[in-house]
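Everything below concerns the one structure shown next.
Basis for what follows: all heavy atoms, side chains included, without hydrogens, waters or symmetry-related copies. Below, chains carry the letters A, B, ... as their sequence lines are ordered, and counting in each starts from 1.
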Number of protein chains: 2
Amino acid sequence: MQLRMTNQREMILRELKKSKGHLTADELYERVKKFMPRISLATVYRNLEILSDVNMIRKLEISGRQKRFDSELEDHDHIYCVECHRIENLEISKNQVELPVEDAHGYTITGRRLEVTGVCPRCQKKIAKTKKQ
Amino acid sequence: MQLRMTNQREMILRELKKSKGHLTADELYERVKKFMPRISLATVYRNLEILSDVNMIRKLEISGRQKRFDSELEDHDHIYCVECHRIENLEISKNQVELPVEDAHGYTITGRRLEVTGVCPRCQKKIAKTKKQ
DNA sequence: CTCCTTGTGATAATTGTTTTCAACAGTAAG
DNA sequence: CTTACTGTTGAAAACAATTATCACAAGGAG
């Protein structure tokens with residue numbers, strides 16, 4: 001099954017790449033809507049699913065409610081701010097999180113995901129301010 | 001603020017401990033209902049939230065699916081089966097996943113979560129079988 | 001006992017996502 | 001150029017998980 005690049009599909013991909021971030025489906029929907037006012041949210045969801053199926057983008061399943069999508073395919077982990085839910089990339093060398101396979105209960109390991117939580121610099125400042133008052 | 005142990009609360013906690021697993025709210029609901037047929041799912045959600053707020057249980061946010069709850073408070077990670085969504089504990093020594101704080105974009109790190117995905121032994125067998133056919 | 005707080009069950013509302021479906025291209029064959 | 005086929009779209013409904021609302025019952029404090 002080969003992938004046809006429809007206008008919508010292309011636009012979604014382009015906007016995701018442009019943002020360089022980790023957008024949710026509806027954030028992306030809002031952006032694409034500026035160029036294609038009649039596009040539907042379902043189309044965004046559909047195409048994000050398709051694009052991640054063919055590995056053109058990456059679907060992040062990060063704690064919190066919404067799924068996020070990333071145009072960066074390289075293997076990397078994420079840090080996310082528990083205050084403002086901002087997400088950023090983390091470059092952690094793979095061998096730093098080498099897994100003890102013998103403890104894996106007989107599982108065939110297909111992947112690992114490391115998620116670091118913290119408070120981003122901006123929110124640290126905000127918190128510092130509110131404490132002063 | 002002190003926690004009152006209502007019958008429902010106690011039952012939910014008891015069933016979660018009894019299971020030793022990582023139950024979703026509605027799995028727990030089904031179990032508790034056997035003893036308290038009139039309990040409502042909302043009560044289960046409510047109390048799981050409360051119990052994890054006071055650190056009597058742990059809320060797991062895995063893979064964007066349903067939240068799961070764990071009566072095991074010790075710090076540990078999880079491996080979960082991409083086929084059947086079974087979840088098991090992983091004992092990974094902390095220093096094996098030591099983080100390079102200097103890469104953390106200025107974040108104050110509050111936690112980390114490692115999730116390993118794989119195929120459990122049971123599902124490996126299942127897959128082997130279907131391939132034979 | 002009355003007042004006040006809290007917890008409860010039932011149900012509605014909300015949120016995020018997926019499915020359905022009729023209309024509509026794009027392509028390939030006849 | 002028709003016909004048939006395939007995949008895509010937008011709109012709306014369906015769905016699943018969770019949370020909020022609300023009337024009411026239970027259990028103190030005074």
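If you measure from atom CZ of A:Arg9 to atom P of C:dG26, you get 14 Å, rounded to the nearest angstrom. Between B:Leu60 atom CG and D:dA17 atom C1' there is a gap of 16 Å when expressed in whole angstrom units. Atom CG of B:Asn7 is separated from atom C1' of D:dA25 by 14 Å (rounded to the nearest Å). Counting to the nearest Å, the P atom of C:dT18 and the CD1 atom of A:Ile50 are 12 Å from each other. Between the C1' atom of C:dA25 and the CZ atom of A:Arg4 lies a distance of 7 Å, rounded to the nearest Å. Atoms OH (A:Tyr29) and C1' (D:dT9) sit 13 Å apart, rounded to a whole Å. Distance, B:Lys59 NZ to D:dA17 C1': 13 Å, rounded to whole Å. Following rounding to the nearest Å, B:Asp53 (CG) and D:dT19 (P) show an atom-to-atom distance of 11 Å.
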Restricting to nitrogen or oxygen on both sides, can you table the protein-nucleotides 9-16 of chain C pairs closer than 3.5 Å?
unit_1, atom_1, unit_2, atom_2, d
C:dG9, OP1, B:Gln8, NE2, 3.3
C:dG9, OP2, B:Thr43, OG1, 2.7
C:dG9, N7, B:Arg46, NH2, 3.0
C:dG9, O6, B:Arg46, NH1, 3.4
C:dA10, OP1, B:Arg38, NH2, 3.0
C:dA10, OP2, B:Arg38, O, 3.4
C:dG16, OP1, A:Gln66, OE1, 3.2

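Side chain of B:His105 to backbone of A:Ile79: no donor-acceptor contact under 3.5 angstrom is found. No side-chain donor-acceptor contact under 3.5 Å links A:Asp77 to the backbone of A:Glu115.
Residues in residues 8-39 of chain B take part in these ring-ring contact (aromatic ring centres under 6.0 Å, His included) pairs, two or more places apart or across chains: B:His22-B:His78. The salt bridge (charged side-chain N to carboxylate O under 4.0 Å, His left out) pairs that include a residue from residues 18-28 of chain A are A:Glu15-A:Lys18, A:Glu27-A:Arg68, where partners are two or more places apart or lie in different chains. Counting only residues at least two apart or on different chains, the side-chain hydrogen bond (donor to acceptor under 3.5 Å, both in side chains) pairs with a member in residues 45-56 of chain B are B:Arg9-B:Asn47, B:Thr43-B:Arg46, B:Glu49-B:Lys59.
Partners of A:Glu72 according to the side chain to side chain contact (heavy atoms under 4.5 Å, CB included) rule, which considers only residues two or more places apart in sequence or in another chain, are A:Asp70, A:Glu74, A:His76. Take B:Gln124 and apply the side chain to side chain donor-acceptor pair (under 3.5 Å) test, not counting sequence neighbours, and it matches A:Thr108. With sequence neighbours left out, the salt bridge (charged side-chain N to carboxylate O under 4.0 Å, His left out) criterion links A:Glu30 to A:Lys33. Not counting sequence neighbours, B:Lys67 has no partner by the salt bridge (charged side-chain N to carboxylate O under 4.0 Å, His left out) test.
Mapping B:Glu49 and A:Thr6 onto DNA chain D by nearest heavy atom places A:Thr6 closer to the 5' end of the strand.
Axis orientation changes by 0° from one end of the helix from C:dC1-D:dG30 to C:dG30-D:dC1 to the other, with each end axis drawn from 5 pairs and the value rounded to 10°.
For C:dT8, the OP1/OP2 oxygens have a side-chain nitrogen or oxygen of B:Asn47 closer than 4.0 Å.
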